Every structure is written in C-alpha cells, then in structure tokens.
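What you see is a predicted model, and the numbers here were worked out from it, not measured in a lab. Whatever order the structure lists ligands and atoms in, that order sets their numbers, starting from 1.
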Amino acid sequence: MEATGASEDCCVKVAVHVRPLIGDEKLQGCKDCVTVIQGKPQVQIGSHSFTFDHVYGSTGSPSSSMFEECIVPLVDGLFQGYNATVLAYGQTGSGKTYTMGTSLKDSYQTGIIPQVMNALFSKIESLKHQIGFQLHVSFIEILKEEVRDLLDPTSLNKSDTANGNTGKVNVPGKPPIQIRESSNGVITLAGSTEVGVGTLKEMAACLEQGSLSRATGSTNMNNQSSRSHAIFTITLEQMHKANPISGDGIPNDIMSEEYLCAKLHLVDLAGSERAKRTGSDGMRFKEGVHINKGLLALGNVISALGDEKKRKEGVHVPYRDSKLTRLLQDSLGGNSRTVMIACISPADINAEETLNTLKYANRARNIQNKPVVNR
Ligand code: ADP
Ligand code: MG
C-alpha cells in the first residue's frame with residue numbers, strides 16, 4: 001500500500017469530495033470502490049491510500065463542513081487583501097458543478113458560490129460603518145483557449161449548431177477578451193464585462209445569467225457536461241473609513257484611510273477525463289485537446305510552485321502555457337490562498353479516472369505561497 005502524508009505548512013489546501021453513487025450508476029449495478037477513513041482525512045481506492053487536508057464523503061466528514069473549513073478562511077482573507085482561488089477538479093460527472101454551485105440546478109443553495117455570496121454580504125453588513133465597500137463580478141469561460149464573456153449584455157443567445165453549443169456566442173466584430181498584466185503584476189481581463197453589485201440579489205442575478213449562458217456540449221459521458229473552465233470572479237475593494245475623532249479629539253478623516261483590493265476566483269474546471277473516453281472527434285476532439293492544455297498547464301504551474309528547491313533556483317513557473325493559468329497568475333502562488341477540491345465518483349467503473357484525479361490533486365499539496373497584501 002502506498003501512502004502520502006500531509007504537510008503542515010502548505011498554503012494550498014486540497015480537499016477531496018466523494019459524491020454518493022447516483023441514479024445511473026446504481027442502475028448499472030456499480031459498486032462503491034472508494035473508502036473514506038473515519039476520523040482521518042484519508043481516502044483509499046484499491047491498494048492506494050492518499051491523505052489530503054480534508055476528505056468529505058457520505059461516510060466521513062459531511063460536506064456541510066467543507067464551506068466552514070475550506071472556504072471561510074479564503075473569504076476572511078479577501079477582507080485582509082489576499083487574493084484567493086477555489087478550483088473544482090475532476091472527471092465529468094464527478095460533482096464539480098454541484099460542489100461549486102455554478103449551475104442553477106440542484107445545488108443552488110448549498111454550492112460554494114451561493115454560500116460565498118451569503119458570507120460576503122453578511123460580513124459587509126457587519127462592517128459597513130467602518131469600511132466603504134465596492135464589489136464587482138465577472139463570469140467568463142475558457143473554451144478552446146478562447147475567453148468568452150458570460151455576462152456580456154450585447155452577446156447573442158443563439159444556437160451555435162456547428163459546435164453543438166447552445167450558449168452565448170461572442171458578437172462578431174467585437175474584439176476578443178485579452179488577458180493583460182499590469183506593471184505591478186495584476187492580471188486583468190480587457191474587454192470582459194465587470195458588473196458592479198451592491199446587493200446579494202444583484203450578485204446572484206450575475207451567477208444566474210452566466211450559468212444560463214454557459215456553453216455546454218454533449219459527450220458520450222454526460223450530455224450536460226461542460227468542456228469549458230467556468231470562472232466566477234468577485235473583486236472586493238475596501239476603503240477603511242478613518243476614525244472620525246482622533247486621540248486629541250480633532251476630527252481626522254484623511255490621515256488613516258487605507259485602500260485594499262482583492263479578488264476571489266471560483267473555478268469550475270473542465271472535465272479531467274482523457275479525450276478518448278469522451279468519444280471526442282473532429283471539433284470536439286480539438287476542444288478536448290485544448291481543455292487538457294489548461295489542466296496540464298495548471299498541473300505544471302502547481303508542480304513548479306510546490307518545488308521549493310526549484311523555486312530557489314529561479315525556475316520559471318509556466319503560467320503562460322494556457323489561458324487558464326495566465327488568468328489565475330496573480331491568484332495562484334504569491335499573493336494568494338488556494339483551495340483545490342478534487343471531486344470523485346465512488347463507482348468502480350470510474351476507478352481509473354478517480355485514481356488519476358487523486359494523483360493530480362496530490363501534486364497540488366506541495367505549493368508554498370508567500371502571501372503579500374495588495375495596497
Ligand atoms: P460535473 O460538473 O463534475 O460534471 P455534476 O456536478 O454535474 O458533475 O454532477 C453529476 C451528477 O451527480 C449530477 O446529477 C449531480 O446532481 C449529482 N451529484 C454531484 N454531486 C452530488 C452530491 N454531493 N450529492 C448528490 N448528488 C450529487
Ligand atoms: Mg459540470
């Protein structure tokens with residue numbers, strides 16, 4: 001049996017979320033081949049055993065504690081000026097969209113994004129007398145190495161029959177969205193819609209609008225599966241209001257003002273399965289290849305960040321190898337806190353992909369970030 005241990009000082013947290021067997025798998029007579037060890041963040045499949053920061057499943061720690069343990073620290077960090085990224089990784093059908101709450105379907109109330117929105121607004125409510133807040137939301141997807149704006153009010157909601165897509169398509173003649181890096185290393189998306197939101201309802205409407213726009217294409221594995229990475233980004237700007245009366249009793253509203261800006265990326269990654277298993281061909285195959293490119297680059301970035309020896313030697317982190325890693329550059333490593341949630345199916349027919357997912361997630365556990373506050 002091979003076992004991999006947890007490292008204490010790791011700034012990237014990796015959690016595993018094991019969903020229950022679902023209808024189709026039960027109908028096919030699938031057996032549960034994944035064991036969550038009681039009282040330990042450990043998961044076993046066949047002769048392989050892995051330890052992560054947290055493991056959530058029907059027999060272990062309930063997924064209701066996932067938000068408290070994995071996500072609340074990132075939301076708190078956002079208020080201190082730290083960027084953060086949540087990545088849902090796994091094969092199609094493993095529960096990524098359910099876990100993130102990117103879809104309006106079943107997990108709309110319990111998914112991570114709706115819970116983040118609730119937590120943000122209740123914190124803002126409790127701090128609004130000392131701090132001025134501004135919130136912006138963007139929602140994009142990366143499909144075939146192209147960035148698409150899911151909140152573009154001018155894009156057409158027409159069927160793209162050639163691709164089998166039914167999501168929004170970018171308006172002809174509109175310049176493509178460009179990923180840019182400012183001189184201080186801040187990544188921005190030129191040409192994408194940033195919606196200013198003042199209320200929970202307005203933010204939820206953005207999630208709803210983008211979810212409806214998200215392009216999906218059918219594959220043999222799951223005809224609602226998405227081959228794109230969907231990235232919901234919340235930017236929080238804070239202006240700390242000065243203490244109105246300074247120590248000597250004289251009003252002081254300029255001296256101690258402080259500005260903080262940080263963003264949280266909530267990423268529902270494309271399915272991690274190999275192109276051949278989804279029966280991809282032609283156009284689909286190309287999309288499969290590009291999706292793999294993003295996930296491959298993510299794996300390489302994570303691996304480069306995690307290798308302290310190599311980093312000391314100044315080894316280059318290959319952020320530029322895909323749109324996904326380029327976009328996440330300022331929120332993955334450096335000034336950031338990252339949580340990867342590896343989603344897995346317990347069904348024996350998925351054992352090979354489940355093992356691949358656990359191995360990939362295991363590589364992510366070695367990242368050591370040095371947080372820097374944006375001021
Ligand atoms: P993915 O986004 O990884 O392709 P989905 O989130 O769409 O997978 O989940 C696939 C199916 O499994 C959906 O029908 C979903 O409702 C169900 N499912 C996923 N996670 C859970 C869970 N934790 N509990 C119950 N059903 C789940
Ligand atoms: Mg999905």
- [ ] Check each atom of ligand 1 against the heavy atoms of Gln91 and keep those under 4.0 Å away; list them by number with element.
- [x] 3 (O)
Task: From OG1 (Thr233) to CG (Leu266), nearest 0.5 Å - done: 7.5 Å
TODO: Any pair with a residue in residues 120-135 that passes salt bridge (Lys or Arg N to Asp or Glu O under 4.0 Å), sequence neighbours left out, goes on the list, sorted by first then second residue, please.
DONE: Asp76-Lys123, Glu125-Lys128
Task: SB check Lys323 Glu146 (cutoff 4.0 Å) - done: no
Open item on the list: Using a distance threshold of 2.8 Å, state whether an N, O or S atom of Thr97 lies below it from the Mg ion (ligand 2).
Closed with: yes
Open item on the list: Out of Lys96, Met100, Arg19, who is nearest to atom 3 (O) of ligand 1 when you count heavy atoms only?
Closed with: Lys96
Open item on the list: Can you check which of Tyr56, Tyr98, Tyr89 brings a heavy atom nearest to atom 19 (C) of ligand 1?
Closed with: Tyr98
- [ ] Would you kindly say whether Asp149 and Ser192 are connected by a side-chain donor-acceptor distance under 3.5 Å?
- [x] no
Task: Any side-chain donor near an acceptor of the partner, Gln42 and Ser49, under 3.5 Å - done: yes
TODO: Quick one: list whatever passes side-chain hydrogen bond (donor to acceptor under 3.5 Å, both in side chains) with Glu237, sequence neighbours left out.
DONE: Tyr259
Open item on the list: Any heavy atom of Ser94 closer to ligand 1 than 4.0 angstrom?
Closed with: yes
Task: Part of Ile22 with heavy atoms under 4.0 Å of ligand 1, whether side chain, backbone, both or neither - done: side chain
- [ ] Heavy-atom distances under 4.0 Å are what count here, so tell me which part of Pro20 touches ligand 1: side chain, backbone, both or neither.
- [x] side chain
Task: Close N or O approach (Thr97, ligand 1; < 3.5 Å) - done: yes
